[in-house]
There are 4 protein chains.
Amino acid sequence: MDAPSPSADPSPWMPFESRRRARDEKREAVLRTAVQLFLEQGYHRVTLNDVAERLNITKPALYNYFRSKDEILFECWALGQESVDKLIAEINKGGGTALAKLRKLIHAYAEVMTTDYGASLVRFDPRDLTEANRKTVRAAKKRIDRTFRRYLADGVTDGSIKPCDPKLAAFAIAGSLNWIGHWYQRDRAWSGEAVAGQFAVQLTEGLAASPARKRSPVTSKSRPAKGGRK
Amino acid sequence: MDAPSPSADPSPWMPFESRRRARDEKREAVLRTAVQLFLEQGYHRVTLNDVAERLNITKPALYNYFRSKDEILFECWALGQESVDKLIAEINKGGGTALAKLRKLIHAYAEVMTTDYGASLVRFDPRDLTEANRKTVRAAKKRIDRTFRRYLADGVTDGSIKPCDPKLAAFAIAGSLNWIGHWYQRDRAWSGEAVAGQFAVQLTEGLAASPARKRSPVTSKSRPAKGGRK
Amino acid sequence: MDAPSPSADPSPWMPFESRRRARDEKREAVLRTAVQLFLEQGYHRVTLNDVAERLNITKPALYNYFRSKDEILFECWALGQESVDKLIAEINKGGGTALAKLRKLIHAYAEVMTTDYGASLVRFDPRDLTEANRKTVRAAKKRIDRTFRRYLADGVTDGSIKPCDPKLAAFAIAGSLNWIGHWYQRDRAWSGEAVAGQFAVQLTEGLAASPARKRSPVTSKSRPAKGGRK
Amino acid sequence: MDAPSPSADPSPWMPFESRRRARDEKREAVLRTAVQLFLEQGYHRVTLNDVAERLNITKPALYNYFRSKDEILFECWALGQESVDKLIAEINKGGGTALAKLRKLIHAYAEVMTTDYGASLVRFDPRDLTEANRKTVRAAKKRIDRTFRRYLADGVTDGSIKPCDPKLAAFAIAGSLNWIGHWYQRDRAWSGEAVAGQFAVQLTEGLAASPARKRSPVTSKSRPAKGGRK
DNA sequence: TATGAATGAGCATTCATTCAT
DNA sequence: CATGAATGAATGCTCATTCAT
């Protein structure tokens with residue numbers, strides 16, 4: 001790793017490939033440390049010295065991997081966003097009613113929110129980014145929002161969801177989920193999976209169009225064996 | 001309410017204007033300006049100069065009314081909290097089932113969230129405050145949280161609300177509501193009242209114990225042993 | 001009531017008290033308070049607010065009596081200097097050998113040093129004054145210094161004092177005396193008079209021209225009229 | 001010694017000069033500059049900018065070597081104190097009568113007082129330091145004071161010094177010496193060594209117990225019951 | 001005479017960023 | 001690659017002083 005141990009320092013001229021890998025690993029280590037500190041103390045209260053110190057390197061060394069503090073912030077955010085994008089893509093690929101998809105989305109999104117990178121999606125302030133990156137963030141947020149709204153609208157159309165205002169409903173659901181990123185850090189009474197399961201049920205309970213459906217497909221899906229507290 | 005338009009919100013220091021207003025009015029004017037700027041740009045990006053400039057005074061003049069920047073922040077927060085405390089007190093005084101109370105709480109709280117001071121309750125970072133004030137904030141947040149949970153637990157007891165984990169349900173509801181403070185600023189498609197009305201319905205839709213339904217599929221899943229108030 | 005001894009040093013602005021006192025009395029009260037604070041905390045750490053507060057008035061009110069903070073400082077100094085000037089004049093008017101005069105000077109000067117205004121002569125920094133006042137201070141210091149040197153030189157001439165470098169001897173004596181202004185505040189084991197008596201003896205012990213004289217006529221003469229121990 | 005002339009005291013940051021000097025040298029250079037400025041103009045009138053400017057660096061660069069302005073002040077003081085501690089240790093190690101030791105102490109101490117760091121011992125105001133450092137200063141001052149008193153008391157015991165109140169005598173001697181720190185800066189008519197020599201003689205002239213004299217007129221006057229240490 | 005309010009000037013300190021080594 | 005050193009820009013806060021009332 002980045003430890004200065006002499007034995008771990010075989011040759012300054014490692015093969016190109018492994019050097020690149022080492023570099024990426026260090027980049028990740030920086031992000032891991034940074035995201036933790038940013039969440040713990042808040043972006044503005046964390047100095048690059050704090051980050052460097054925790055990594056046993058010096059401040060300017062960080063500039064080998066990132067061009068600026070806000071780029072670090074952005075990359076943290078990007079890692080979280082990546083998870084969300086992947087998860088949306090996956091759900092979109094899959095089948096099921098709009099309600100089923102929504103449940104999956106809620107479940108997966110909630111779980112992301114219990115991770116550091118996930119929390120950074122809602123805990124970081126885009127105004128700390130450059131205009132360019134801020135635009136990227138805005139676009140991504142819009143994407144997520146549209147996904148929620150689409151599922152809701154589709155659900156109303158395909159009859160799996162009771163008529164409602166998709167925009168407001170999306171806000172309500174997203175709000176519940178995003179809020180996880182704020183309270184989960186300090187209150188780890190449940191596993192991320194458990195929270196996700198609960199929210200998937202709870203947030204869609206009021207949405208399901210009752211008359212048409214007897215069985216709830218999600219119930220059987222919510223992996224009770226895995227993260228459940230038994 | 002506090003319209004963002006500067007012309008609609010004249011500073012008591014408007015040059016060549018009556019400077020005779022009461023001290024408290026000026027204090028309030030500072031807070032009004034500060035809360036707007038803090039929400040617009042974020043506490044750390046707003047300098048006291050920015051605040052002063054918008055009020056047509058100079059930076060040190062602010063120190064006639066507040067002892068420090070973080071005290072301004074705290075007072076903004078306190079005004080929002082005051083609204084919430086009042087609203088909770090009122091609802092507690094009134095009657096009705098726990099579900100009815102919860103609906104009222106959601107409605108009123110949602111509406112507060114659409115105001116500047118209300119939004120500051122969830123948009124400001126308590127870590128920017130002194131330890132003493134931070135403690136006050138923490139206590140207040142706890143108070144709100146407990147109120148939500150109590151209504152939920154009481155509802156389960158009095159039969160107006162379906163069995164659920166009050167803690168998680170409270171998080172879900174509070175999340176939806178708190179999130180309003182984040183998106184409402186930029187998206188004023190609805191009036192605060194309209195949002196409140198919608199949320200009051202939507203967030204309780206899934207909670208109401210429908211007398212028709214005897215078995216609740218969720219019940220078996222909601223860990224009755226863990227977080228339940230018994 | 002933050003005043004150390006309100007009854008002993010009553011402010012002429014004591015609320016609900018007669019506010020009709022003469023202007024000069026108030027001026028003096030300001031100086032009395034100021035000199036205490038300046039000595040206690042140091043000129044730069046004392047704000048005019050501190051001074052005003054202790055007098056139960058407001059900061060700008062001070063400007064009715066003084067034009068600036070450094071003028072207050074200067075006036076404090078001036079009061080001390082006045083004492084010294086008077087005392088020198090008196091001694092000069094009197095008779096006796098140079099050694100006798102020197103003893104009188106030491107005695108009187110030492111006693112002044114144990115007072116607040118006296119201490120301000122050596123505890124205040126002339127660089128805090130305006131150039132004009134600083135010049136006055138410099139002149140006065142020179143005057144004092146010359147007096148010491150003259151007595152010493154005269155003593156060498158008239159045979160009452162052993163040959164010595166008057167300049168250095170003056171520095172030595174003045175140093176001992178001035179230093180009183182630094183330690184006496186905190187260490188009031190002796191009365192000012194007692195200190196003065198001791199120093200008058202001690203500082204001249206090594207100076208008296210021993211061979212010519214068996215008994216020291218000054219000893220019995222030392223201040224028969226003034227601060228005598230009776 | 002440390003001449004004020006800039007050419008005689010080159011900054012390690014002299015532009016286009018060797019910047020290779022060791023960190024400690026730079027630290028010292030800061031202190032050298034700072035102590036001069038502090039003595040010249042007074043601590044409160046010297047800004048860190050002034051210090052930095054004279055060193056051809058910028059203000060924040062100072063923070064590479066010191067954590068705060070008052071730390072610089074303290075380190076200046078500490079260097080002076082170090083000299084004094086060393087000198088006391090040396091004298092304590094040596095032999096001789098108490099009077100001889102006292103003379104050595106006076107001589108050495110006087111010489112220290114003619115240096116910048118020495119003068120800072122008596123010209124700087126401990127109230128400008130943090131509480132922790134202030135405590136250190138107080139302790140050191142006490143140490144010096146006790147040394148003077150001890151030599152005096154021992155001298156009285158071993159017969160080398162005439163009976164006297166050690167506390168007051170110590171004050172008188174220390175006052176003369178400390179005062180050097182105030183006047184020597186501006187009046188360099190003598191070398192430090194010359195001053196020291198003169199003072200060593202002058203200040204002990206009156207103390208030596210002349211074997212010829214049996215009765216000491218002072219004895220009856222010096223209240224042996226009051227301040228005496230035994 | 002006294003004051004509340006305001007201000008201008010100043011200062012220590014922080015920190016992201018750069019650069020020579 | 002890594003670092004020690006340096007910096008520019010910024011910012012919160014203080015305080016003597018002024019002024020309208």
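Chain letters run A, B, ... following the sequence lines, proteins first, then strands; residues in each count from 1. Computed over heavy atoms, backbone and side chain alike; hydrogens, waters and symmetry mates excluded.
Not counting sequence neighbours, the partners of A:R54 by the salt bridge (Lys or Arg N to Asp or Glu O under 4.0 Å) test are A:E40. D:E71 is linked by a salt bridge (Lys or Arg N to Asp or Glu O under 4.0 Å) to D:R67, counting only residues two or more places apart in sequence or in another chain. Partners of D:D50 by salt bridge (Lys or Arg N to Asp or Glu O under 4.0 Å), not counting sequence neighbours: none found. Residues satisfying the ring-ring contact (aromatic ring centres under 6.0 Å, His included) test with C:Y43, not counting sequence neighbours, are C:F38. The side-chain contact (heavy atoms from CB on, under 4.5 Å) search around D:L79 returns D:L31, D:E82, D:Y117, not counting sequence neighbours. D:N49 is linked by a side-chain contact (heavy atoms from CB on, under 4.5 Å) to D:T47, D:K59, counting only residues two or more places apart in sequence or in another chain. Partners of A:A52 by side-chain contact (heavy atoms from CB on, under 4.5 Å), not counting sequence neighbours, listed by chain and number: A:I57, A:L62.
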Dot-bracket line, read 5' to 3' along DNA chain F, where crossing pairs take [ ] and | marks a partner on another strand, Watson-Crick or G-U under 3.5 Å: .||||||||||||||||||||

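Going from atom CZ of C:F66 over to atom C1' of E:dT1 covers 15 Å, rounded to whole Å. Put simply, CG on C:N56 is 13 Å from P on E:dA2, counting in whole angstrom units. As a whole-Å value, the separation of B:I57 CD1 from E:dG8 P is 12 Å. In this structure, B:R27 places its CZ atom 12 Å from P of E:dA5, rounding to the nearest Å. Between the CD atom of C:E71 and the C1' atom of F:dA16 there is a distance of 14 Å, given to the nearest Å. Per the geometry, CG belonging to A:L55 stands 11 Å off P belonging to F:dA2, to the nearest Å. Remark: C1' of E:dG4 and CD of C:E53 are 15 Å apart, rounded to the nearest angstrom.
Between D:Y65 and F:dG4, a side-chain N or O to OP1/OP2 separation shorter than 4.0 Å is absent. Taking side-chain N and O atoms only, D:R23 has no distance below 4.0 Å to OP1 or OP2 of F:dG4. Taking only side-chain nitrogens and oxygens, D:N64 never comes nearer than 4.0 Å to OP1 or OP2 of F:dA5.
In terms of heavy atoms, B:R127 sits closest to A:L39 at NH1-O, 2.9 Å.
Of the residues near DNA chain E, B:L62 and C:T58, the one whose nearest nucleotide (by heavy atom distance) lies more toward the 5' end is C:T58.
Counting only heavy atoms from C-beta outward, the side chains of D:K26 and D:R23 never approach each other to under 4.5 Å.
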Per-nucleotide protein contact string for nucleotides 11-17 of chain E, where B marks a base within reach and S marks sugar-phosphate only (heavy atoms under 4.0 Å, - for neither): SBBBBBB

